[in-house]
**Q** 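Starting off with a structure, shown below.
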Amino acid sequence: MSTSPLDATNDGITGNQMLTGMIRLRGALQAAALPLDLSGVASLREHRQEVIDQLEDYVIPRLMSLDAPLLTVVGGSTGAGKSTLVNTIVGHRVTASGVLRPTTRSPVLAHHPDDGQWFGQDRLLPDLKRVDHPTNDHDCIQLVPTPAVPKGIAILDAPDVDSVEERNRILAGQLLSAADLWLFVTSAARYSDQVPWEYLKQAAERSTAVAMVLDRTPPDTFDTVAGHLARMMASRGLKDSPLFGVPEGSVSEEGLLPAGHAAEIRSWLEALAADQVARNAIVHQTVGGSIRILTRRVYPIADAAEEQVRAIADLGTLVKRQYDIVGTQLLTSAVDGTLLRGDLLTRWQEFVGSGELIRSLEAKVGFVRERLVNAIKGKPQQAERVGVAIESALEALVVEHGEQAAARAAAAWRATPYGAQLVDAASEDLARATRDLRRRTVAATQAWQSDLQEMVRNESGDVRTSARFLAVGVRGLAVTLAVTVLGGDQPPAAATESLRLGNRLLETVVGPGTAGLLRHQARASLEDRIGALLAGEQNRYLAPAGQWQLAEDAGEQLRAAARRVDDLRYAATMQKGSAHNGGHL
């Protein structure tokens with residue numbers, strides 16, 4: 001009997017702890033996605049999925065149901081007579097047999113009626129729908145309750161491992177991976193075929209319990225073939241596996257061989273069904289071997305996940321570099337006077353005029369009240385026009401640079417094979433700015449101008465009640481502040497005089513010190529909002545929905561989960577070692 005990680009109880013090591021460990025391992029595997037097409041990743045993706053499938057189809061369900069009947073899967077080569085053998089072992093037809101190949105398409109599970117609760121949808125092979133009638137649906141498993149099968153054991157007729165139909169081959173591998181015991185059937189004509197031995201090699205590597213059946217063998221050649229097959233088994237790690245012989249014989253209309261042909265196999269299975277200790281030993285051997293192999297298979301996946309994380313980080317760096325370059329250019333263009341041209345310059349010059357407003361504000365208000373009133377006529381409407389022009393100018397500037405950044409980032413990704421993959425797979429054109437960038441820019445510009453009005457209110461202090469402040473108003477001072485920020489220190493020649501007047505206007509109303517503070521705050525607010533717009537654009541690359549969700553520590557989390565399972569297995573082996581001889585763990 002082998003040492004098992006499932007039944008040690010000293011020092012608190014229990015099957016429940018192992019079950020928890022395997023569930024965490026599955027979660028870590030699911031989190032360790034391999035989305036990028038790096039070198040060699042295709043085989044590792046398949047490798048990862050195989051491990052997840054083995055956990056979900058067999059190891060975890062079996063750990064949850066250690067007392068379930070021994071699942072014996074009858075598998076093997078095409079034409080070896082598996083279905084006929086199953087019918088003969090059971091004693092009546094439970095599965096279709098015939099000369100048409102492949103015969104078995106969906107699996108058939110025969111079990112004692114009292115064991116039916118163990119094979120519900122939430123048990124072994126949960127992805128296969130349970131039915132009670134024959135079907136060729138690969139996604140179904142037919143359950144056949146019959147008292148002819150002894151309690152404590154179940155017999156499953158599987159498709160051919162070398163079937164001409166790929167779906168049959170996949171299903172056969174899935175079923176064998178979910179078995180406690182393989183009853184592997186071959187024949188004198190097929191026993192040396194390569195494909196079945198590839199499966200048997202996997203069984204030996206993970207200590208799966210196997211019994212071989214040499215079927216359809218003429219009596220005069222049986223000893224020779226059986227001797228050769230036994231030597232092949234010994235050389236491939238299966239020397240302790242039973243070898244049964246089933247001679248050729250006529251098949252009845254019910255699909256059965258003469259009862260004596262399979263009597264030895266049935267007696268052996270009945271003995272297992274009656275011996276709970278022996279059944280447990282087989283389950284523990286197979287599950288323990290599966291756990292041992294699965295944890296080993298995890299480490300290359302963890303390495304690959306870390307390589308993916310590094311590649312993703314490199315892609316993120318490429319995108320950030322391009323957006324940083326374009327972002328710097330955008331911020332410079334926003335505050336160096338570039339925007340003071342066209343409609344914005346025209347609207348601003350209409351607002352600030354030729355200096356009459358400034359001279360009126362600088363005069364003694366008590367003596368020139370009529371002059372001041374005349375100077376500000378129409379200014380509120382003109383201030384609104386300046387605000388709208390600011391929105392249009394910033395919108396055009398941001399969208400232009402957003403397009404440049406997207407094109408540069410997409411080109412940088414296309415220079416790498418895995419980056420090109422993501423550009424092509426994206427649900428939107430990553431080489432272009434987002435469709436709503438224009439809308440978001442207008443909203444951000446309006447919010448910025450609202451910020452400026454609030455700044456003017458907060459920083460103007462006592463001057464808010466002055467005639468000068470009331471003459472220009474919060475909106476007028478806010479657009480003046482916006483234009484002075486956009487104009488920068490060296491505006492275009494055409495805008496120099498009007499920008500000078502704008503600065504004088506601001507300083508005349510709130511004072512030079514407050515004007516300088518407001519300009520500083522206004523510029524910082526603009527930079528923050530422009531930066532947020534580009535960050536939103538950049539996030540399309542840094543977190544494309546569903547494309548490459550991978551935690552930075554995914555590889556280490558996977559290793560940690562595997563180490564935890566190994567520690568439990570090792571501790572159980574040490575605790576039970578004195579009570580068991582041999583062992584596969």
Side-chain angles (χ1 to χ4, degrees), residues 334-391 393-394 445 448-526:
V335 295
D336 68 354
T338 298
L339 296 181
L340 286 185
R341 58 188 178 186
D343 185 59
L344 174 56
L345 180 59
T346 300
R347 298 304 178 190
W348 167 244
Q349 288 175 336
E350 289 174 355
F351 174 78
V352 77
S354 61
E356 181 181 359
L357 176 61
I358 307 301
R359 289 190 294 273
S360 298
L361 291 174
E362 290 176 338
K364 292 182 179 180
V365 178
F367 295 100
V368 290
R369 187 173 304 277
E370 183 178 353
R371 180 181 174 189
L372 177 59
V373 170
N374 292 332
I376 63 172
K377 283 181 179 180
K379 295 303 179 184
Q381 293 80 4
Q382 290 174 355
E384 289 299 328
R385 296 190 192 103
V386 175
V388 172
I390 289 172
E391 291 174 15
L394 279 172
T445 304
W448 178 59
Q449 294 196 67
S450 295
D451 289 346
L452 302 192
Q453 293 184 58
E454 190 64 24
M455 291 176 194
V456 168
R457 291 190 187 96
N458 292 337
E459 300 297 338
S460 55
D462 295 339
V463 303
R464 281 184 297 177
T465 60
S466 68
R468 292 187 178 96
F469 187 93
L470 295 175
V472 182
V474 171
R475 181 58 165 159
L477 288 172
V479 296
T480 300
L481 177 58
V483 170
T484 60
V485 169
L486 299 178
D489 296 328
Q490 295 182 326
T496 300
E497 178 58 21
S498 61
L499 186 63
R500 184 186 66 80
L501 292 174
N503 280 308
R504 281 185 59 195
L505 171 60
L506 193 61
E507 292 173 359
T508 298
V509 174
V510 300
T514 299
L517 176 62
L518 286 172
R519 281 192 291 266
H520 174 76
Q521 292 177 340
R523 176 164 177 162
S525 176
L526 178 62

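When reading the values below, keep in mind they use all heavy atoms of this one structure, side chains included, and skip hydrogens, waters and symmetry mates. One-based numbering along the sequence shown.
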**Q** Decide side-chain contact (heavy atoms from CB on, under 4.5 Å) for Leu526 and Leu394; before the verdict, give the C-alpha distance in whole Å, the side-chain angles of both, and the deciding distance to 0.1 Å.
**A** CA-CA 10 Å; Leu526 178 62; Leu394 279 172; 4.2 Å; yes
**Q** Search all heavy atoms of Leu345 against all heavy atoms of Ala495 and return the closest pair with its distance.
**A**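 In terms of heavy atoms, the two residues are closest at CD1-CB, 3.6 Å.
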**Q** If I compare all heavy atoms of Met455 with all of Ala522, which pair ends up nearest, and what's the gap?
**A**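 Result for this residue pair: SD-N, 3.8 Å.
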**Q** The criterion is side-chain contact (heavy atoms from CB on, under 4.5 Å); which residues satisfy it with Arg341, sequence neighbours excluded?
**A**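 Expected list: Thr338.
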**Q** Could you state the interatomic distance from OG1 (Thr514) to CD (Gln521), rounded to the nearest 0.5 Å?
**A**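 If I round to the nearest 0.5 Å, the distance is 9.5 Å.
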**Q** Within the structure provided, determine whether Leu481 and Arg519 are in side-chain contact (heavy-atom separation under 4.5 Å).
**A**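 Yes, close enough: below the 4.5 Å cut-off.
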**Q** Compare all side-chain heavy atoms of Leu477 with those of Leu518 and state whether any distance is below 4.5 angstrom.
**A**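 A side-chain contact is absent here, since even the closest heavy-atom pair is not under 4.5 Å.
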**Q** For Val479 and Gln382: C-alpha separation, side-chain torsions, deciding distance, then whether side-chain contact (heavy atoms from CB on, under 4.5 Å) applies.
**A** CA-CA 10 Å; Val479 296; Gln382 290 174 355; over 6 Å; no
**Q** Write down the atom of Ala334, the atom of Leu339, and the distance for their closest heavy-atom approach.
**A**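 Scanning both residues, the minimum pair turns out to be O-CD1, 4.2 Å.
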**Q** Under 3.5 Å, side chain of Gln449 to main-chain N/O of Gly387, donor-acceptor pair present?
**A**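 Yes; judged by distance alone, with no hydrogens or angles, the pair exists.
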**Q** About how many Å separate CG of Leu506 and CG of Leu501, when rounded to the nearest 0.5 Å?
**A**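 That separation rounds to 12.5 Å.
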**Q** Please report the interatomic distance CZ(Arg504) to CG(Leu499), rounded to the nearest 0.5 Å.
**A**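 Nearest 0.5 Å value for the CZ-CG distance: 13.0 Å.
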**Q** Would you please test Arg347 and Val388 for side-chain contact (heavy atoms from CB on, under 4.5 Å) and show each step?
**A** CA-CA 9 Å; Arg347 298 304 178 190; Val388 172; over 6 Å; no
**Q** Rounded to the nearest 0.5 Å, what separates atom OG1 in Thr346 from atom CG in Leu340?
**A**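 So the gap between those two atoms works out to 11.0 Å.
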**Q** Going by the rule side-chain hydrogen bond (donor to acceptor under 3.5 Å, both in side chains), which residues pair with Ser525 if we only count those two or more places apart in sequence or in a different chain?
**A**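 With neighbours one apart ignored, the set is Asp451.
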**Q** Identify the heavy atoms of Val352 and Gly502 that sit nearest to each other, and give their distance.
**A**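 Closest approach of Val352 to Gly502, heavy atoms only: CG2-N, 4.0 Å.
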**Q** Taking all non-hydrogen atoms of both residues, which atom of Leu452 and which atom of Ala478 are closest, and how far apart?
**A**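 That closest heavy-atom pairing would be CD1-O, 3.7 Å.
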**Q** How far apart are the closest heavy atoms of Glu459 and Leu517, and which atoms are they?
**A**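 In this case the closest contact between Glu459 and Leu517 is OE1-CD2, 3.4 Å.
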**Q** Before giving the answer on side-chain contact (heavy atoms from CB on, under 4.5 Å), spell out for Thr480 and Val509 the whole-Å C-alpha distance, their side-chain angles and the decisive distance to 0.1 Å.
**A** CA-CA 11 Å; Thr480 300; Val509 174; over 6 Å; no
**Q** Checking Trp348 side chain against Ser498 main chain: does a donor-acceptor pair fall under 3.5 Å?
**A**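 Such a contact is found between Trp348 side chain and Ser498 backbone.
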